Number of protein chains: 2
Amino acid sequence: MSKCEQCIIKQFNSLKSLGKDDLIRISGCKTSRFVSKGEVIFSEGESINGIYCIKDGVCKLSKLSSNGKDQIVKLVVRGDLIGQRSLVSEEKSNLTAIALNNMEVCFIPKNEVLFDLSKNPKFSFDMLQEMAKELRVSDNVIVDMAQKSVKQRLADVLIYLHENFEKDEMGFLKVVLSREDYANLVGTATESAIRILSQFKKSGLISTTGKHVKVEDLDGLRRIE
Amino acid sequence: MSKCEQCIIKQFNSLKSLGKDDLIRISGCKTSRFVSKGEVIFSEGESINGIYCIKDGVCKLSKLSSNGKDQIVKLVVRGDLIGQRSLVSEEKSNLTAIALNNMEVCFIPKNEVLFDLSKNPKFSFDMLQEMAKELRVSDNVIVDMAQKSVKQRLADVLIYLHENFEKDEMGFLKVVLSREDYANLVGTATESAIRILSQFKKSGLISTTGKHVKVEDLDGLRRIE
DNA sequence: TTTAACCTATGATAATTGTCATGTTTTAGT
DNA sequence: ACTAAAACATGACAATTATCATAGGTTAAA
């Protein structure tokens, strides 16, 4: 099994603030796991008892709303940590994590992380910074959900995917989302998402082949209102 | 000026995790200030350079959306801290804080807080916990904004106010929000908020006298869908 | 290879929400 | 108490979005 102290992934998250000794200690406790597409990593209401470091792949974090629909709250990619919130607040997970790709994830037990949080102010501060950033993003999402139209939100999602996710040689997004996933990202009915995507395709803003999507006209998407 | 080490307000926030010495040190640097209703405490885009501890009163944290409307992201009450996020992330504020009451707030300069964060793991951890809680709440808000109807969201706001804010002898909420504030809390047009509030009043779910609102039928509001 | 399950697509229609217009009431300042 | 400004209220209508129905297309397992 590969070693945390040599893992390049940690550059992208708070684990970079740990010293070599701590990383070696964590490396001895961590478990690594492959998760296949569609598999549930953890569910709403479960105790997670540790944090996951995403070594490869993409997953969606979603929450079931009272009307029975799933809302995708965040997409999590290579380098991200998940589970810190539940770890710190000692509560069960409020989100469900489902793989959108085949993934590789490392699991670090709760106590190891809590130990470092109690001993290493640099690590704590880094984690605090990450959470502060997440909160800022959340605020923006709240405002967008409350104030933008479904069409705008869907355009935003496409822009976000285009700017932050890997693409193949043809420029198609490597992440493959169902129309239902798109709907659950923007908080609308699946049919509405399908309709708007069709419309974007007709307007030449995107192209699609099956579930594969390519952004063709970024500025055009930006101009949607 | 009153002293932090004797202030009971700190029980409600992370400052409770500081030792007496640190509180005395902070007390020497802090400034106290009265803010009258409607006054802006800080604006989106400003550098805050410290945190505010709300000693008394209520304020709204809002953000201007791209369509020019304000979205209220959070209501902040006695005991809450504001400004931690910008402090930790070294960024300008992404929110505007406006008093809804006459308020009294204490301002603690950035460096004092950063000093404690670097020296006091208990304080850091407490702050981390607070942020984790805020993130959880944000997730819930995102889901609600995305999935619930305007009517449901407005009912939720009324329930939230009823359960978390002070009421007078008659049961009316002491906080007085304009219809526009209600609209900006739920993310809808002012006219829509007005209409729905009128409807709630007609149905006996709430009663209103001018801007003063009283929840009459909590379960009724909970049943709104 | 067939079949069933699921996803995508689209029309028709209803429900929700926003916008504009207009009048009334309340509030704050003199 | 008076007046101007702001906030509230409501109707009429338009735009957006959800829901229901139906059908074609894809995919994966038997």
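Keep in mind the model is a prediction, meaning the values are calculated, not measured. By convention in this document, chain letters (A, B, ...) are assigned in the order of the sequence lines, proteins followed by strands, and residues within each chain are numbered from 1.
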Quiz item: Can you find a side chain N or O atom of A/Ser178 that sits less than 4.0 Å from OP1 or OP2 on C/dC7?
Solution: no
Quiz item: Atom CZ of A/Arg153 to atom C1' of D/dA18: distance rounded to whole Å?
Solution: 13 Å
Exercise. Round to the nearest Å and state the distance from A/Glu191 atom CD to C/dA15 atom C1'.
Key: 15 Å
Practice problem: Grab the CG-C1' distance between B/Asn67 and D/dT16 for me, whole Å please. | Solution: 15 Å
Quiz item: Considering only C/dT10, C/dT19, C/dT17, which nucleotide approaches the side chain of B/Thr188 most closely?
Solution: C/dT17
Exercise. Give B/Thr190 one of three labels, base, sugar-phosphate or nothing, depending on what nucleic acid heavy atoms sit under 4.0 Å from its own.
Key: nothing
Quiz item: Is A/Glu104 salt-bridged to A/Arg33, going by a charged N under 4.0 Å from an acidic O?
Solution: no
Quiz item: Once you round it to whole Å, what is the distance between P of C/dT17 and NZ of A/Lys151?
Solution: 19 Å
Quiz item: Is any side-chain N of the basic residue among A/Glu39 and A/Lys37 closer than 4.0 Å to the acidic one's carboxylate O?
Solution: no
Quiz item: What is the distance from CD1 of B/Ile194 to C1' of C/dT24, rounded to the nearest Å?
Solution: 12 Å
Quiz prompt | Of B/Lys37 and B/Lys148, the one whose closest DNA chain C nucleotide lies more 5' | solution = B/Lys148
Quiz prompt | For atom NZ of B/Lys211 and atom P of D/dA9, their distance in whole Å | solution = 11 Å
Exercise. Classify the nucleic acid contact of B/Ser149 as base, sugar-phosphate or nothing, counting any heavy atom under 4.0 Å across all strands shown.
Key: sugar-phosphate
Quiz item: Charged N to carboxylate O below 4.0 Å: is that the case for B/Asp219 and B/Arg222?
Solution: yes
Exercise. Please state how far atom CD in B/Glu180 lies from atom P in C/dT19, giving the value in whole angstrom units.
Key: 13 Å
Quiz item: What does B/Lys201 touch in the nucleic acid at a heavy-atom separation under 4.0 angstrom: a base, only the sugar-phosphate, or nothing?
Solution: nothing
Quiz prompt | N/O (side chain, B/Ser198) to phosphate O (OP1/OP2, D/dT10) under 4.0 Å | solution = yes
Quiz item: Between B/Glu46 and B/Lys92, is there a salt bridge with N-O shorter than 4.0 Å?
Solution: no
Quiz item: Rounding to a whole Å, what distance do you find between B/Arg179:CZ and D/dA9:P?
Solution: 4 Å
Quiz item: If you round to the nearest 0.5 Å, how far is CD1 of B/Ile26 from CG of B/Leu15?
Solution: 6.0 Å
Self-check item: Polar pair under 3.5 Å, donor/acceptor by atom type, side chain B/Arg195, base C/dG18
Solution: no
